[in-house]
Amino acid sequence: MAGGFPQGGDGGGRTADGVGIRTFPFPVERSVCGVGMQIAPMDPDRTWRADAPLDRVHRIDFHIVMLLDGGPLRHMIDFTEYGATAGDVLWIRPGQVHRFSRDAEYRGTVLAMQPGFLPRATVEATGLYRYDLPPLMRPGPARLAALRAASDQLRREYEDTETLPLSLHTAVLRHTLTAFLLRLAHLAAGSGDAARPAEDSVFTLFREAVERDFATNHSVTAYADALGYSRRTLARVVRAAGGETPKAFIDRRVVLEAKRLLAHTDLPIGRVGAAVGFPDAANFSKFFQQHTDTAPAAFRAEHR
């Protein structure tokens with residue numbers, strides 16, 4: 001199963017070569033019938049790769065949902081240490097920088113989902129890319145029981161490779177996974193500071209475009225033109241979905257990536273700036289300090 005958990009290893013935060021943060025792809029070779037999801041009990045002896053201890057910071061390009069039966073443990077996700085225990089749920093989304101706790105025993109069920117496995121309508125309905133929502137959820141007894149029942153059903157369908165041809169097996173998995181994720185999304189929305197309006201498809205397109213192009217494009221007008229909407233329409237949609245301007249949304253994504261690279265790699269500060277769209281190091285430093293009240297060098301020193 002893809003949800004491996006480390007026992008020992010180097011707990012250092014920076015990459016060995018200082019080039020970037022290591023990203024692990026969805027381990028499709030471990031999937032039953034090669035489908036775009038996996039679900040199984042957590043196995044303390046498995047990892048994404050044999051040469052990659054999970055208690056070092058890394059990214060994954062897929063979703064991980066952990067329904068915990070054990071704990072307490074601490075799990076770092078994008079500069080926040082989340083304390084979790086039995087009955088809690090951790091949802092790690094693609095691209096988030098995280099680190100497993102070296103000494104904790106992760107027990108429970110882990111679900112991995114490959115982007116693209118579910119259709120767009122399901123992705124929007126289940127909030128798969130609501131990065132504004134907290135990764136840690138604490139369901140009450142009734143919701144936890146319902147989540148466990150839904151995950152048990154999903155696991156039975158996942159492991160049943162005999163009763164249906166592959167095409168129907170995959171379709172059943174998508175429907176069963178959707179049912180589980182709708183429950184999870186309802187729980188996640190209730191775990192935030194306030195429920196946000198349902199995401200508009202225009203906002204979804206904007207968010208995807210920013211995620212794809214933020215390192216080279218910081219222009220609201222360019223995004224609006226590429227998506228075929230006016231700046232005014234884009235501003236209205238983004239404010240309705242997240243309570244901020246399109247420019248603030250773009251800048252927040254740029255700052256997050258800069259923080260990740262400063263804290264978790266040995267890239268020179270000028271190269272960090274270039275990696276997030278600032279060829280001029282002075283302009284990057286000015287931008288970063290404006291948004292964080294901290295100089296890049298001071299931020300790096302604080303997180304080493």
Side-chain angles (χ1 to χ4, degrees), residues 1-6 20-43 46-50 52 54 57-67 75 77-78 89-100 106 108-131 133 135 137 147 150-161 164-185 187-188 199 201 204-205 207-213 260:
M1 174 56 202
F5 304 95
I21 300 167
R22 194 163 191 179
T23 300
F24 296 107
F26 180 79
V28 67
E29 71 280 357
R30 298 183 186 174
S31 290
V32 173
C33 298
V35 297
M37 61 154 286
Q38 301 164 8
I39 184 168
M42 296 181 191
D43 182 348
R46 300 296 291 274
T47 183
W48 310 133
R49 288 172 57 100
L54 298 187
V57 293
H58 62 281
R59 309 181 204 242
I60 49 178
D61 70 359
F62 51 97
H63 294 266
I64 283 290
V65 176
M66 294 181 278
L67 283 75
H75 196 102
I77 305 173
D78 275 331
V89 181
L90 276 170
W91 187 345
I92 304 162
R93 289 171 166 84
Q96 290 184 312
V97 173
H98 71 120
R99 179 180 59 230
F100 288 82
Y106 287 73
T109 300
V110 61
L111 165 69
M113 297 172 286
Q114 188 175 31
F117 183 63
L118 295 173
R120 177 178 293 275
T122 303
V123 169
E124 293 189 24
T126 55
L128 285 190
Y129 295 94
R130 287 289 303 274
Y131 287 90
L133 294 175
M137 293 161 275
L147 276 176
S151 82
D152 289 345
Q153 177 63 25
L154 180 58
R155 184 180 170 191
R156 285 192 293 270
E157 296 290 358
Y158 175 71
E159 295 175 347
D160 177 11
T161 61
L164 292 171
L166 179 58
S167 61
L168 290 181
H169 173 66
T170 303
V172 168
L173 281 179
R174 287 193 175 108
H175 285 288
T176 312
L177 176 59
T178 297
F180 172 79
L181 290 175
L182 286 170
R183 288 190 176 277
L184 190 66
L187 174 63
E199 289 193 357
S201 60
T204 299
L205 293 171
R207 184 193 59 224
E208 291 175 349
V210 171
E211 187 62 29
R212 183 180 62 248
D213 299 332
R260 290 168 170 172

I need the minimum non-hydrogen distance between [X] and [Y], along with the two atoms involved.
X	Y	result
P94	Y129	CG-CE2, 4.0 Å
A125	L182	O-CD2, 3.9 Å
F26	M37	CZ-N, 3.7 Å
L133	A188	CD2-O, 3.9 Å
H58	I21	CA-CG2, 4.0 Å
T23	I60	CG2-C, 4.4 Å

Considering only distance and modelled atom types, tabulate donor-acceptor pairs under 3.5 Å from the side chains of residues 170-181, sequence neighbours left out.
residue: T170; atom: OG1; partner: L166; partner atom: O; Å: 2.9
residue: R174; atom: NE; partner: F117; partner atom: O; Å: 2.5
residue: T176; atom: OG1; partner: V172; partner atom: O; Å: 2.7
residue: T178; atom: OG1; partner: R174; partner atom: O; Å: 2.8

Treating [X] as the side-chain partner and [Y] as the backbone partner, does any N or O pair qualify as donor plus acceptor under 3.5 Å?
X	Y	result
D61	G95	no
R93	L128	yes
Q38	P27	yes

Euclidean distance, [Y] [atom2] relative to [X] [atom1], rounded to 0.5 Å:
X	Y	atom1	atom2	value
L111	L154	CG	CG	6.0 Å
L147	R183	CG	CZ	7.0 Å
E208	R212	CD	CZ	7.5 Å
E157	D152	CD	CG	12.0 Å

Please name all residues satisfying salt bridge (Lys or Arg N to Asp or Glu O under 4.0 Å) with R260, sequence neighbours left out, ordered by chain then number.
D78, E257
Checking side chain to side chain contact (heavy atoms under 4.5 Å, CB included) between M66 and each of T109, V89, V110, which is the one that passes?
V110
Carboxylate-amine/guanidinium proximity below 4.0 Å for R207 and E211
no
Assess whether side chain to side chain contact (heavy atoms under 4.5 Å, CB included) is satisfied between V65 and L90, documenting all intermediate values.
CA-CA 6 Å; V65 176; L90 276 170; over 6 Å; no
Regarding H75 and Y106, do their side chains bring together a donor and an acceptor under 3.5 Å, going by distance alone?
yes
Would you sort out whether I39 and S151 count as a side chain to side chain contact (heavy atoms under 4.5 Å, CB included), showing the intermediate values?
CA-CA 8 Å; I39 184 168; S151 82; 4.2 Å; yes
Do R120 and T204 have side-chain heavy atoms sitting under 4.5 Å apart?
yes
